[in-house]
Amino acid sequence: EEWRAAAASDEVALEPRAICTFRARVLLLETEAWPKDAFDEAWADGVPRGIEPSDADLDGLAVLLPPDGRAAKGAPLTVRALSAEAMPPD
């Protein structure tokens with residue numbers, strides 16, 4: 001019933017975090033791994049003006065990894081999608 005009322009309304013409020021999470025999911029479907037800087041730029045370009053994506057919006061969708069798998073100070077990060085297939089069975 002709330003959906004019907006929203007359709008008749010002149011204004012509808014959207015949840016900024018949900019928008020950020022949705023756009024991140026779309027980007028990660030396009031490419032499984034991104035350089036963090038490129039991902040952040042594409043992500044920010046894909047959400048409405050005034051909404052700022054946050055790394056917290058990636059919870060459950062992706063991990064941030066150093067390119068060589070080790071945490072070298074100052075090394076550029078990679079955003080890599082989490083997939084159920086890649087997770088251990090237990």
Side-chain angles (χ1 to χ4, degrees):
E1 187 167 306
E2 288 181 50
W3 284 105
R4 288 187 207 137
S9 176
D10 290 337
E11 295 181 20
V12 176
L14 299 175
E15 171 56 46
R17 303 291 44 100
I19 293 169
C20 290
T21 300
F22 174 80
R23 184 63 185 139
R25 186 181 327 242
V26 169
L27 290 171
L28 292 166
L29 286 172
E30 291 174 7
T31 304
E32 184 177 289
W34 291 72
K36 177 81 163 76
D37 291 343
F39 182 84
D40 286 346
E41 184 177 335
W43 197 14
D45 289 346
V47 297
R49 196 171 357 139
I51 295 178
E52 292 187 32
S54 163
D55 289 348
D57 298 324
L58 297 173
D59 287 352
L61 294 177
V63 292
L64 302 177
L65 300 170
D68 63 0
R70 293 176 296 195
K73 186 173 183 161
L77 295 175
T78 298
V79 178
R80 179 168 297 279
L82 289 174
S83 67
E85 296 81 28
M87 303 299 284
D90 22 318

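One-based numbering along the sequence shown.
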Item to check | All salt bridge (charged side-chain N to carboxylate O under 4.0 Å, His left out) counterparts of D40, not counting sequence neighbours | outcome: K36
Checklist entry - About how many Å separate CG of L65 and CG of L77, when rounded to the nearest 0.5 Å? => result 8.0 Å
Checklist entry - So, do T78 and L64 sit near enough that their side-chain heavy atoms are less than 4.5 Å apart? => result no
Next on the checklist: Can you confirm whether F39 sits close enough to L58 that some side-chain heavy atom of one is under 4.5 Å from a side-chain heavy atom of the other?
Outcome noted: yes
Next on the checklist: Under the salt bridge (Lys or Arg N to Asp or Glu O under 4.0 Å) definition, can you give me all pairs with a residue in residues 16-31, not counting sequence neighbours?
Outcome noted: R17-D57
Next on the checklist: Quick check: is W43 connected to V26 through a chain of hydrophobic side chains (ILVMFWY, heavy atoms under 4.5 Å apart)?
Outcome noted: no
Next on the checklist: Which heavy atom of L27 sits nearest to which heavy atom of A42, and what is that distance?
Outcome noted: CD1-C, 3.9 Å
Checklist entry - Of all heavy-atom pairs between C20 and P53, which one has the smallest distance, and what is that distance? => result SG-CA, 3.6 Å
Item to check | Distance, nearest 0.5 Å, that separates CD1 of I19 from CD1 of I51 | outcome: 4.0 Å
Checklist entry - What's the shortest heavy-atom distance between A24 and L61, and which atoms? => result CB-CD1, 4.1 Å
Item to check | Cluster check F22, L14: I/L/V/M/F/W/Y, side chain < 4.5 angstrom | outcome: no
